[in-house]
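Count residues from 1 along the sequence.
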Amino acid sequence: MNSGIKKIELTEMLPKVFVGENIPHSGVWMTHCVFERGNHYLIEAPSGGGKSSLMAYIYGARDDFRGTLAFNGKSSASFSIEDWQKLRRRHIAYLPQELDLFPELTCIENIRLKNRLTDCVSEKRIEEWLERLGIANRRDYPAGKMSIGQQQRLAIIRTLCMPFDFILLDEPVSHLDAANNGIVAEIVAEEAARNGAGVISTSVGNPLLLHSAINIKL
């Protein structure tokens with residue numbers, strides 16, 4: 001992975017909880033699905049379709065699936081703990097649906113906690129993102145006391161504070177209006193272009209408004 005992740009391949013993958021069930025036609029499960037660096041992908045499915053599971057599998061947070069997950073042709077089944085750590089530090093950025101913020105820390109403290117580990121983004125750019133996303137006035141506010149929409153915008157900024165070949169966004173704008181959705185999409189697209197990265201986002205009805213996204217039905 002020294003040269004980065006160029007391709008993520010899923011071959012005959014299926015969450016173990018779905019084994020034995022009648023799986024409807026899917027662009028991901030029980031087929032050969034390829035995500036290529038530089039492209040934008042939108043994965044849509046109803047609740048319970050496995051969107052969050054898919055994201056967790058790619059990030060290595062879960063492994064309860066059948067089939068093969070491969071990065072640049074190398075099966076994740078052969079990954080060591082060190083391999084996963086390197087992938088998460090340098091190659092795959094991930095925003096889980098649950099956001100995983102530290103509620104007792106302020107907005108800026110949550111962001112800086114990540115950015116100090118990666119030393120990736122300037123304070124100036126972070127302040128610009130806070131302004132563009134309309135939460136600069138919540139900069140020093142405890143994350144746990146912010147609205148869920150404000151927390152989503154905070155979590156987006158924190159997720160972007162690292163180098164990445166792919167960014168995984170699990171229902172990232174589910175609580176945002178169209179205007180803020182568009183601003184998030186602009187920032188994500190800018191950073192993806194800066195990194196030459198791929199974007200994989202999921203939606204159950206309020207998709208991230210990325211242009212030229214490849215739509216996949218889960």
Participant: Is the CD1 atom of I81 crowded by more than 12 outside heavy atoms at less than 6.0 Å?
Facilitator: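 It does not: I81 CD1 has 12 such atoms or fewer within range.
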Participant: Hey, are T106 and D140 close enough side-chain-wise for a donor-acceptor pair under 3.5 Å?
Facilitator: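 Not at all, the side chains of D140 and T106 share no donor-acceptor pair under 3.5 Å.
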Participant: Do V199 and I8 sit in the same hydrophobic cluster, where Ile, Leu, Val, Met, Phe, Trp and Tyr count as joined when their side-chain heavy atoms come under 4.5 Å apart?
Facilitator: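 Each belongs to a different hydrophobic cluster.
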Participant: For the residue pair S52 and Q97, what are the closest heavy atoms and their distance?
Facilitator: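 Smallest heavy-atom distance, with atoms named: OG-NE2, 3.0 Å.
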Participant: Assess whether side-chain contact (heavy atoms from CB on, under 4.5 Å) is satisfied between L218 and K51, documenting all intermediate values.
Facilitator: CA-CA 7 Å; L218 191 60; K51 299 183 304 300; 3.7 Å; yes
Participant: I'd like to know if K7 pairs up with E36 as an ion pair, taking the criterion as any Lys NZ or Arg NE/NH1/NH2 lying under 4.0 Å from an Asp or Glu carboxylate oxygen.
Facilitator: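 No, this pair does not count.
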Participant: Starting from I183, can I reach L209 by hopping between I/L/V/M/F/W/Y residues whose side chains sit under 4.5 Å apart?
Facilitator: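 No, separate clusters.
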Participant: Of all heavy-atom pairs between C161 and N115, which one has the smallest distance, and what is that distance?
Facilitator: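 What the structure gives for the nearest pair is CB-OD1, 3.7 Å.
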Participant: Do F65 and L54 land in one hydrophobic cluster if side-chain heavy atoms of ILVMFWY residues count as linked below 4.5 Å?
Facilitator: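 Yes, it is one cluster - the side chains of F65 and L54 are joined through contacts under 4.5 Å.
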Participant: Apart from F102 itself, what residues make up its hydrophobic cluster, given side-chain heavy atom links below 4.5 Å?
Facilitator: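 Other cluster members: L105, L113.
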Participant: Quick one: closest heavy-atom pair of S76 and W84, and the distance?
Facilitator: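 Where S76 meets W84 most closely, the heavy atoms are CB-CZ2, 3.7 Å.
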Participant: Which atoms form the tightest heavy-atom contact between C120 and P163, and what is the distance?
Facilitator: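 Scanning both residues completely, I find the closest heavy atoms to be SG-N, 3.5 Å.
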Participant: If two hydrophobic side chains count as joined below 4.5 Å and joins carry through other members, does L176 share a cluster with L154?
Facilitator: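 L176 clusters together with L154.
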Participant: side-chain contact (heavy atoms from CB on, under 4.5 Å), that's the test. Do H40 and S212 meet it? Break it down for me.
Facilitator: CA-CA 7 Å; H40 298 168; S212 304; 5.8 Å; no
Participant: Side chains of R89 and T118: any donor to acceptor distance under 3.5 Å?
Facilitator: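 There is no such pair (donor and acceptor under 3.5 Å, judged by atom type) between the side chains of T118 and R89.
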Participant: Indicate yes or no: at least one non-hydrogen side-chain atom of V121 is less than 4.5 angstrom from one of I111.
Facilitator: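 No, too far: nothing below the 4.5 Å cut-off.
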Participant: Say you draw a straight line from CG of N181 to NE2 of H175; how long is it, rounded to the nearest 0.5 Å?
Facilitator: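 If I round to the nearest 0.5 Å, the distance is 13.0 Å.
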Participant: Counting N and O atoms only, with roles assigned by atom type, does the side chain of W29 sit under 3.5 Å from a partner on the main chain of G49, one being a donor and the other an acceptor?
Facilitator: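 Checked: pair present.
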Participant: Please report the interatomic distance CZ(R153) to CD1(I135), rounded to the nearest 0.5 Å.
Facilitator: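 Between R153 CZ and I135 CD1, I get 6.0 Å after rounding to 0.5 Å.
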Participant: Is any side-chain heavy atom of V34 closer than 4.5 Å to a side-chain heavy atom of L10?
Facilitator: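 Heavy-atom side-chain distance check fails, nothing below 4.5 Å.
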Participant: Taking E123 first and then R112, would you say they form a salt bridge - that is, a charged N and a carboxylate O separated by under 4.0 Å?
Facilitator: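 Salt bridge between E123 and R112, a charged N being under 4.0 Å from a carboxylate O: yes.
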Participant: Check this for me, if you would: do D64 and K16 make a salt bridge, where the nitrogen-to-carboxylate-oxygen distance has to be below 4.0 angstrom?
Facilitator: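 Judged by the 4.0 Å cut-off on N to carboxylate O distance, D64 and K16 do not form a salt bridge.
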Participant: Answer yes or no: is there a donor N or O on one side and an acceptor on the other, between the side chain of D170 and the main chain of P96, under 3.5 Å?
Facilitator: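 It does not hold such a pair.
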Participant: If you apply the rule side-chain contact (heavy atoms from CB on, under 4.5 Å), what do you find for F71 with I58, and how did you get there?
Facilitator: CA-CA 9 Å; F71 298 85; I58 294 174; 4.2 Å; yes
Participant: Please indicate whether N215 has more than 12 foreign heavy atoms, meaning atoms of other residues, nucleotides or ligands, lying under 6.0 Å from its CG.
Facilitator: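 Yes, the 6.0 Å shell around CG holds more than 12 heavy atoms from other groups.
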Participant: Are there over 12 heavy-atom neighbours, none belonging to R125, within less than 6.0 Å of that residue's CZ?
Facilitator: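 Yes - once you tally the heavy atoms of other residues, nucleotides and ligands closer than 6.0 Å, there are more than 12.
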Participant: How about W129 and I187: do any of their side-chain heavy atoms sit closer than 4.5 Å?
Facilitator: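 W129 vs I187: side chains touch.
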Participant: Is the shortest side-chain heavy-atom distance between S201 and Y41 below 4.5 Å?
Facilitator: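 Not in contact.
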Participant: Between P15 and Y57, is there a side-chain heavy-atom distance shorter than 4.5 Å?
Facilitator: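 Yes, their side chains come closer than 4.5 Å.
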Participant: With a 4.5 Å cut-off on side-chain heavy atoms, are R90 and M162 touching?
Facilitator: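 Heavy-atom side-chain distance check fails, nothing below 4.5 Å.
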Participant: Just by modelled atom types, is the V28 backbone N or O under 3.5 Å from a matching donor or acceptor in the S26 side chain?
Facilitator: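 A pair under 3.5 Å: yes.
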Participant: Does a donor on one side chain and an acceptor on the other come within less than 3.5 Å for T202 and E171?
Facilitator: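 Absent: no donor and acceptor within the cut-off.
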Participant: Using a 4.5 Å cut-off on heavy atoms from C-beta on, say whether the side chain of L169 contacts that of L208.
Facilitator: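 Of all side-chain heavy-atom pairs linking L169 with L208, at least one is under 4.5 Å.
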Participant: What closest approach, in Å, do T68 and M13 show between heavy atoms, and which atom pair accounts for it?
Facilitator: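 The answer is O-CG, 3.4 Å.
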Participant: Centroid separation under 6.0 Å, is that true for the rings of F164 and Y94?
Facilitator: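 That pair fails the under 6.0 Å test.
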Participant: Salt bridge or not between D83 and K74? Use side-chain N to carboxylate O under 4.0 Å.
Facilitator: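 Between K74 and D83 there is a salt bridge, with a charged N closer than 4.0 Å to a carboxylate O.
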Participant: Taking the cut-offs as 6.0 angstrom to the six-membered ring centre and 45 degrees off its axis, would you call R37 and F166 a cation-pi pair?
Facilitator: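 The answer is no; the distance or angle limit is not met.
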Participant: Report yes or no: does R88 contribute a side-chain atom to a donor-acceptor pair with the main-chain N or O of G60 at less than 3.5 Å?
Facilitator: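 Yes.
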Participant: Taking all non-hydrogen atoms of both residues, which atom of K6 and which atom of N72 are closest, and how far apart?
Facilitator: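 What the structure gives for the nearest pair is N-OD1, 2.8 Å.
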Participant: Given the rule in the side-chain contact (heavy atoms from CB on, under 4.5 Å) test, do L42 and I216 qualify, once you have shown the distances and angles that lead to the verdict?
Facilitator: CA-CA 6 Å; L42 171 63; I216 299 174; over 6 Å; no
Participant: Under 4.5 Å between side-chain heavy atoms, counting indirect links through other Ile/Leu/Val/Met/Phe/Trp/Tyr residues: same cluster for L95 and M146 or not?
Facilitator: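 Yes; M146 is reachable from L95 via cluster members.
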Participant: With rounding to the nearest 0.5 angstrom, report the CG to CG distance, L160 to N195.
Facilitator: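 The distance works out to 9.0 Å.
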Participant: Quick check: do Q151 and L101 have side-chain heavy atoms less than 4.5 Å from each other?
Facilitator: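 Result yes, sub-4.5 Å side-chain heavy-atom pair found.
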